[in-house]
Amino acid sequence: MSGFQAPRGMRDLFGADAAAVTAVERAAYAAAEAAGYQRIISPIAEESALFERGIGGATDVVAKELYRLAPHAEDSTPLALRPEATAGILRAYIQHGMRSAPQPVRLVTVAPFFRHDRPQKGRYRQFTQFNVEAIGDAGPGIDIEVIELGASFLKQLGLTDVEVHFNSVGCSGCRPAYAAALRAHFAPIEGELGEVDRTRLRDNPLRLLDSKDAAAVRRAESAPALPGHLCDACAAHADVVRAGLDVAGVKVIDAPRLVRGLDYYSRTAWEYLLPGVEGQQGALGGGGRYDGLAALIGGTATPAIGFAIGVDRVVHALHDRKIETGAVAQPLTVICGIGEGSIGERIRLASLLRATGSAARADVTPRKIGKQLEGASRDGAVAVIIVEPDGRYSLRAMIDGKQEEPTDEASVLRAVAALVKRT
Ligand code: AMP
């Protein structure tokens, strides 16, 4: 009998892997919160229609990869697990009237997302993203802020060679002419394109630049680039963002065929890429301005911009480069004891130490003191307190084996604090 397994593409993370993910998640919140972004914790599922309208029913993410929940008989609204953060966060912004707060509203979430994709290293069916959204500001300044925030987060983790690929996808004014130019470019090879790409050619040729099919990829190499087609306002916006990023210390690489192929995207689009990493794994994250999305999901037109950085891919990159995630364990004290009768006292002392801010655990397994000390040493404890059957304490410094016999609880706490300080 094989027993139960974790679902395909969904992982159990424990030990060093769980510690690394937690460290990156903490660093993400710390970076965003220090920059004035407030946490938003939104539901893990939304109405399917939000994604169908917000991301687009024809995208792979919705057409093929959405986890739709089987509805309960009494529920009439179909729900789906969220494949990305933006639609749900913007829905929350609209629902809670955040428009009346000072703009932009800066939000951050680090959370799990779900896509029924073909699993491989760096691509999972449940994955974690660090998402930042700044809603309610149309100016180029917020673009600079958001792009710099993601870039410096990755740099501070130790991924110092991350590249920021930058483009402008124009607006509803200038994009149609670009789409027409692209259509004309791809039309001669229509017969070589797959069915999906032929539909893209007709409905949204920008998405052909994202195609993974060999024929489309080849043709895309000589496709007209976006910058030449931008209207004056879009070109000026891109210039301010580029120049501001340069002053802020973020070198961008112009990527004239980088698109976010959905209609609601406008102007700024970018990706965080690790050079020299194969396939999709080097794609750590990406972002864009999505000024058209709020109206599409039933709100008042609201400019907004955000990024998503994949925590799992960041962790893989750190691991591959042997970069420590900085998850430093606190110096540990283990409270051992002789006789079952001392277990309550061991737990009381451990709890007391933790209340003073020190890491501590009681040994509660029925075993001899020698085995308890071995366990403490294996866990890297700096101090061991032994509770004697008559309630007296002895304290051992694990660094040098020195033992002392504090007479009361206050002197135990003082001695432990002194040992912790020495490490
Ligand atoms: P996207 O929302 O597709 O632009 O993805 C943004 C980032 O999320 C990517 O660059 C990846 O780092 C991460 N990501 C997206 N899909 C997955 C997945 N299936 N597994 C792991 N990470 C993912």
Side-chain angles (χ1 to χ4, degrees), residues 6-13 17 20-21 24-25 27-28 42 44 46 50-51 54-56 58-67 80-90 108-133 146-147 149-151 153-154 157 159 162-167 169 206-207 209-212 255 258-262 264-265 268-275 277-290 293 304-320:
R8 193 161 122 78
M10 300 187 181
R11 299 170 303 152
D12 300 307
L13 294 172
D17 294 336
V21 167
V24 172
E25 285 179 6
S42 62
I44 218 159
E46 297 276 353
L50 175 70
F51 302 125
I55 304 171
T59 58
D60 282 358
V61 165
V62 173
K64 297 192 200 150
E65 298 167 7
L66 201 61
Y67 275 91
L81 295 182
R82 58 187 177 187
E84 53 99 59
T86 306
I89 290 177
L90 199 58
V108 55
T109 196
V110 186
F113 297 90
F114 303 85
R115 292 182 196 173
H116 195 272
D117 205 346
R118 203 164 39 79
Q120 52 180 263
K121 188 178 176 197
R123 192 161 71 200
Y124 306 105
R125 291 182 172 172
Q126 176 179 338
F127 54 97
T128 301
Q129 277 184 347
F130 166 28
N131 269 275
V132 153
E133 316 285 351
V146 170
I147 297 173
L149 182 62
F153 162 73
L154 292 167
L157 283 178
L159 300 171
V162 162
E163 293 176 355
V164 180
H165 289 213
F166 175 85
N167 198 18
V169 298
L206 263 76
R207 297 199 47 226
L209 299 178
D210 272 342
S211 174
K212 305 277 179 289
L258 169 72
V259 290
R260 305 234 127 201
L262 302 180
Y264 63 73
Y265 279 112
T268 308
W270 75 98
E271 281 182 356
Y272 300 110
L273 291 171
L274 272 185
V277 179
E278 260 182 48
Q280 277 299 295
Q281 272 207 64
L284 296 184
R289 185 167 262 294
Y290 50 94
L293 181 56
I305 185 166
F307 68 65
I309 289 178
V311 169
D312 310 83
R313 287 198 195 156
V314 167
V315 167
H316 285 318
L318 293 171
H319 185 261
D320 290 347

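Indexing begins at 1, ligand by ligand and atom by atom, following the structure's order.
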Does any part of the side chain of Phe127, heavy atoms only, come nearer than 4.5 Å to the side chain of Arg115, both counted from C-beta? yes
In terms of residue, atom name and distance, what is the protein heavy atom nearest to atom 10 (O) of ligand 1? Ala283 O, 3.0 Å
Quick one: look up the protein heavy atom nearest atom 4 (O) of ligand 1 and list residue, atom name and how far away it is. Arg260 NH2, 3.5 Å
Can you tell me if Lys64 has over 12 outside heavy atoms packed within less than 6.0 Å of its NZ? no
For atom 3 (O) of ligand 1, find the nearest protein heavy atom and state the residue, atom name and distance (0.1 Å precision). Arg115 NH1, 3.0 Å
For Arg118, does its backbone N or O pair with a side-chain atom of Arg123 as donor and acceptor, under 3.5 Å? yes
Is there a nitrogen or oxygen of Gly310 sitting under 3.5 Å from a nitrogen or oxygen of ligand 1? yes
Would you say Gly286 has any N or O atom under 3.5 Å from an N or O of ligand 1, going by distance alone? no
With side chains defined as the heavy atoms from C-beta onward, is the minimum distance between Val24 and Leu318 less than 4.5 Å? yes
Please indicate whether any nitrogen or oxygen in Gly285 is less than 3.5 Å from any nitrogen or oxygen in ligand 1. yes
Based purely on interatomic distance, does Glu84 place a nitrogen or oxygen under 3.5 Å from a nitrogen or oxygen of ligand 1? no
Note: Tyr124 and Asp312 closest approach over all heavy atoms is CE1-CB, 4.0 Å
Could you say whether the N/O atoms of Asp117 and ligand 1 ever approach to under 3.5 Å? no
Identify, by atom number and element, the atoms of ligand 1 in contact range of Gln129, meaning under 4.0 Å from any of its heavy atoms. 2 (O), 5 (O), 6 (C), 7 (C), 8 (O)
Side-chain touch Val62/Pro83, heavy atoms, less than 4.5 angstrom: no
My understanding is that we take every heavy atom of each candidate and find the minimum distance to atom 23 (C) of ligand 1. Doing that for Phe127, Phe130, Tyr124, Tyr272, which one comes out nearest? Phe127
Does Tyr272 use its side chain to pair, donor to acceptor, with the backbone of Ile147 at less than 3.5 Å? yes
